[in-house]
Q: 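Got a structure for you, questions after.
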2 protein chains.
Amino acid sequence: MKHLLQTIKIEVNKKTYLKDPESSALGKRIVEHSILLIHEIGFEAFTFKKLGDRISSNESSIYRYFENKHKLLLYLTSWYWGWLEYQLVFATNSIADPSEKLRIAIEIISKPVVLDTSFSHINEVLLNNIIINEYSKSYLTKEVDTENKEGYFEIYKRMVLRISEMIIEVDQEYPFPSSLASTALDGTLHQYFLTQHFPSLTNCNKEVTPTEYFSHLVFNSLNKNTNG
Amino acid sequence: MKHLLQTIKIEVNKKTYLKDPESSALGKRIVEHSILLIHEIGFEAFTFKKLGDRISSNESSIYRYFENKHKLLLYLTSWYWGWLEYQLVFATNSIADPSEKLRIAIEIISKPVVLDTSFSHINEVLLNNIIINEYSKSYLTKEVDTENKEGYFEIYKRMVLRISEMIIEVDQEYPFPSSLASTALDGTLHQYFLTQHFPSLTNCNKEVTPTEYFSHLVFNSLNKNTNG
DNA sequence: GCAAATATAATAGTATTACTATCACATACT
DNA sequence: AGTATGTGATAGTAATACTATTATATTTGC
């Protein structure tokens with residue numbers, strides 16, 4: 001599996017970058033250290049100037065890779081969802097039983113992220129934290145409809161669609177498969193945020209995982225046999 | 001009820017403002033038009049200079065009411081949650097049956113907002129839209145822990161706590177009351193956002209309301225009698 | 001191994017933002 | 001009438017979010 005993964009490149013929408021950061025050492029350093037720096041100071045305080053200083057490179061050089069920090073965020077988040085989608089597909093592909101498949105899917109999207117050595121310049125643990133803290137800022141903008149049309153959220157949408165299809169496989173009668181899938185995906189990020197900053201608003205913690213909560217939530221919604 | 005409401009003032013944390021905007025005509029105009037302008041151009045593009053131009057007043061005058069636009073957002077969002085909390089308490093207070101109480105609570109937090117004439121300078125419909133599009137930006141910051149300690153999110157937390165308590169009343173055994181309450185509150189905003197911008201990721205629309213979805217979700221999670 | 005192409009770095013410059021400070025004027029209150 | 005308070009106008013600063021230009025490396029193609 002390691003060998004297989006080494007040859008994999010996560011495909012993100014080419015419009016997120018001007019020049020593919022995977023195509024050069026500087027590009028990879030930009031991505032690597034943007035994750036570290038955004039994690040450290042937050043997306044609002046993050047600037048290309050600061051990143052340039054950090055990697056002993058120049059602001060203008062970074063602008064040759066990314067139009068602006070918003071596009072960089074779109075790149076990072078797309079990469080993350082592409083990476084997670086890969087995990088999802090890999091883990092659920094061979095499972096025949098619909099319930100077991102959905103169970104594993106929920107586990108994949110809600111379990112704590114661990115480092116993946118296949119992508120050495122990307123720290124998936126910190127990137128996951130950036131997703132928790134910054135992802136919604138990538139779509140809560142006035143440009144969301146334009147950018148959606150341009151395909152910047154394709155991978156995320158595909159993730160929701162996949163989970164939604166798994167839900168339908170478990171219960172054809174369930175009336176809200178897309179909503180439940182999007183709630184699980186968005187809700188997971190939210191529950192992790194709450195454990196970090198508003199522990200009184202969640203029951204998730206070191207012992208109780210979001211996976212338990214969402215498994216309970218999803219499976220109790222399904223096969224209620226409302227006609228029976 | 002109208003009479004009663006007219007004497008009500010929604011109490012927000014005094015630290016959100018330097019001078020109470022309710023205390024003067026200019027203050028009310030600032031609040032009124034900040035809602036219109038943020039709704040129009042989004043929080044990122046919103047500046048005190050633009051707001052000053054809009055109300056034929058001066059940037060510096062607005063700075064006398066609010067330290068910065070982040071604090072103004074905290075003011076607006078606190079006001080909104082305070083207003084919604086009032087609706088919640090008013091609507092559920094006299095209900096004895098725990099299930100019915102919770103049902104009404106879910107309805108209150110998830111139904112479309114309509115104009116409340118009791119607060120003439122505040123357009124609750126547009127404010128609700130600002131909450132949907134901007135609320136998470138008020139806490140997805142590096143300052144969240146400090147600001148949380150300073151009480152800026154008290155009303156929101158109280159809302160979650162109230163709903164969580166109602167959940168417990170319906171099912172003492174349910175292991176995730178806080179998580180379910182926070183999922184319902186945050187999830188509602190998310191589902192409304194999806195209907196507007198990512199309709200393929202939700203089943204909510206003109207016919208199917210978030211209320212139906214979340215009622216189904218919550219009540220099917222409860223009283224599963226896992227020990228039986 | 002050298003020229004040409006390309007990538008990167010350095011510098012400068014612009015418009016806007018997010019403020020702070022000062023002063024002038026208007027009104028309100030006593 | 002005199003003082004306090006609120007508001008408006010102007011100016012100024014540091015930082016941001018870029019763009020443009022030029023210089024200097026580095027790579028590559030022959």
Side-chain angles (χ1 to χ4, degrees), chain A residues 14-34 37-38 40-76 121 134 137-138 140-143 146-147, chain B residues 14-34 37-38 40-76 121 134 137-138 140-143 146-147:
Chain A
K14 286 180 167 47
K15 290 178 198 157
T16 55
Y17 50 77
L18 297 168
K19 177 180 173 164
D20 187 354
E22 300 266 342
S23 70
S24 75
L26 178 62
K28 281 180 192 159
R29 276 162 54 71
I30 289 170
V31 169
E32 177 179 4
H33 289 272
S34 69
L37 192 52
I38 291 172
E40 206 175 308
I41 64 176
F43 187 66
E44 275 70 40
F46 171 87
T47 68
F48 282 2
K49 193 167 193 327
K50 288 174 189 170
L51 179 59
D53 290 352
R54 185 65 73 97
I55 62 178
S56 299
S57 175
N58 202 272
E59 197 187 3
S60 57
S61 301
I62 301 166
Y63 274 107
R64 285 206 193 79
Y65 284 85
F66 295 100
E67 266 181 74
N68 49 51
K69 69 175 182 175
H70 173 69
K71 287 284 170 72
L72 170 59
L73 182 61
L74 288 175
Y75 176 87
L76 293 175
H121 65 298
E134 324 286 2
K137 295 173 193 168
S138 77
L140 294 176
T141 68
K142 279 286 165 187
E143 296 76 34
T146 318
E147 294 186 343
Chain B
K14 285 178 167 47
K15 291 177 198 156
T16 55
Y17 51 77
L18 298 168
K19 176 181 174 164
D20 186 354
E22 300 265 339
S23 71
S24 76
L26 178 62
K28 282 180 192 160
R29 276 161 54 73
I30 289 171
V31 170
E32 176 179 4
H33 289 274
S34 69
L37 192 52
I38 292 173
E40 206 176 307
I41 64 176
F43 187 67
E44 274 70 41
F46 171 86
T47 68
F48 282 1
K49 193 168 193 326
K50 289 175 188 168
L51 178 59
D53 290 352
R54 185 65 73 97
I55 62 176
S56 299
S57 175
N58 202 272
E59 197 187 2
S60 58
S61 301
I62 301 167
Y63 274 106
R64 287 202 192 85
Y65 284 84
F66 296 100
E67 267 181 74
N68 51 50
K69 68 176 184 174
H70 173 69
K71 287 284 172 70
L72 170 59
L73 182 62
L74 289 174
Y75 176 86
L76 293 176
H121 65 298
E134 323 285 1
K137 295 173 194 167
S138 76
L140 294 176
T141 69
K142 279 286 165 188
E143 296 77 34
T146 319
E147 294 187 344

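Sequence lines set the chain letters: A, B, ... in the order given, protein chains first and strands last, and positions in each chain run from 1. Computed from a predicted structure; not experimentally measured.
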Q: Yes or no on side chain to side chain contact (heavy atoms under 4.5 Å, CB included) for I62(B) and L72(B), after CA distance, side-chain angles and deciding distance?
A: CA-CA 10 Å; I62(B) 301 167; L72(B) 170 59; 5.9 Å; no
Q: Return a single string for nucleotides 13-19 of chain C, one symbol per nucleotide in 5' to 3' order, where B is base contact, S is sugar-phosphate-only contact and - is none, cutoff 4.0 angstrom on heavy atoms.
A: ----SSB
Q: Could you tell me if S34(B) and Y75(B) have a donor-acceptor pair between their side chains, going purely by distance under 3.5 Å?
A: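 Looking only at side-chain atoms, S34(B) and Y75(B) do not form any donor-acceptor pair under 3.5 Å.
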Q: Just to verify, what does I41(B) make a side-chain contact (heavy atoms from CB on, under 4.5 Å) with, not counting sequence neighbours?
A: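 Here the qualifying residues are L37(B), A45(B), F46(B), K50(B).
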Q: Identify the heavy atoms of H121(B) and E22(B) that sit nearest to each other, and give their distance.
A: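 Here H121(B) and E22(B) meet closest at NE2-OE2, 3.4 Å.
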Q: Using a strict cut-off of less than 4.0 Å between a Lys/Arg side-chain nitrogen and an Asp/Glu carboxylate oxygen, indicate whether E134(B) and K69(B) qualify as a salt bridge.
A: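 Looking at E134(B) and K69(B), the cut-off is not met.
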Q: Would you tabulate the nitrogen or oxygen pairs shorter than 3.5 Å linking the protein to nucleotides 4-7 of chain D?
A:
residue, atom, partner, partner atom, Å
dT7(D), OP1, Y65(B), OH, 3.4
dT7(D), OP2, K19(B), NZ, 3.3
dT7(D), OP2, Y65(B), OH, 2.8

Q: For the pair K71(B) and N68(B), evaluate side chain to side chain contact (heavy atoms under 4.5 Å, CB included) and give the outcome as yes or no after the intermediate values.
A: CA-CA 6 Å; K71(B) 287 284 172 70; N68(B) 51 50; 3.5 Å; yes
Q: Give a yes or no on whether a salt bridge exists between E44(B) and K137(B), defined as a side-chain N under 4.0 angstrom from a carboxylate O.
A: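 Yes, E44(B) and K137(B) are salt-bridged.
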Q: Check for a donor-acceptor pair, side chain of R29(B) on one end and backbone N or O of I55(B) on the other, with a separation under 3.5 Å.
A: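 Looks like yes, one N/O pair under 3.5 Å.
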Q: To the nearest Å, give me how far apart CG (N58(B)) and P (dG8(D)) are.
A: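 Going from CG in N58(B) over to P in dG8(D) covers 7 Å.
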Q: Specify the separation, in whole Å, of atom CG of D53(A) and atom C1' of dA9(C).
A: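 In whole Å, dA9(C) C1' and D53(A) CG are 13 Å from each other.
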Q: Between atom CZ in R29(A) and atom C1' in dA9(C), what is the gap in whole Å?
A: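 That distance rounds to 13 Å.
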Q: Starting from C1' on dA9(C), measure out to CD1 on I30(A) and report it in whole angstrom.
A: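 Roughly 12 Å, once rounded to whole Å.
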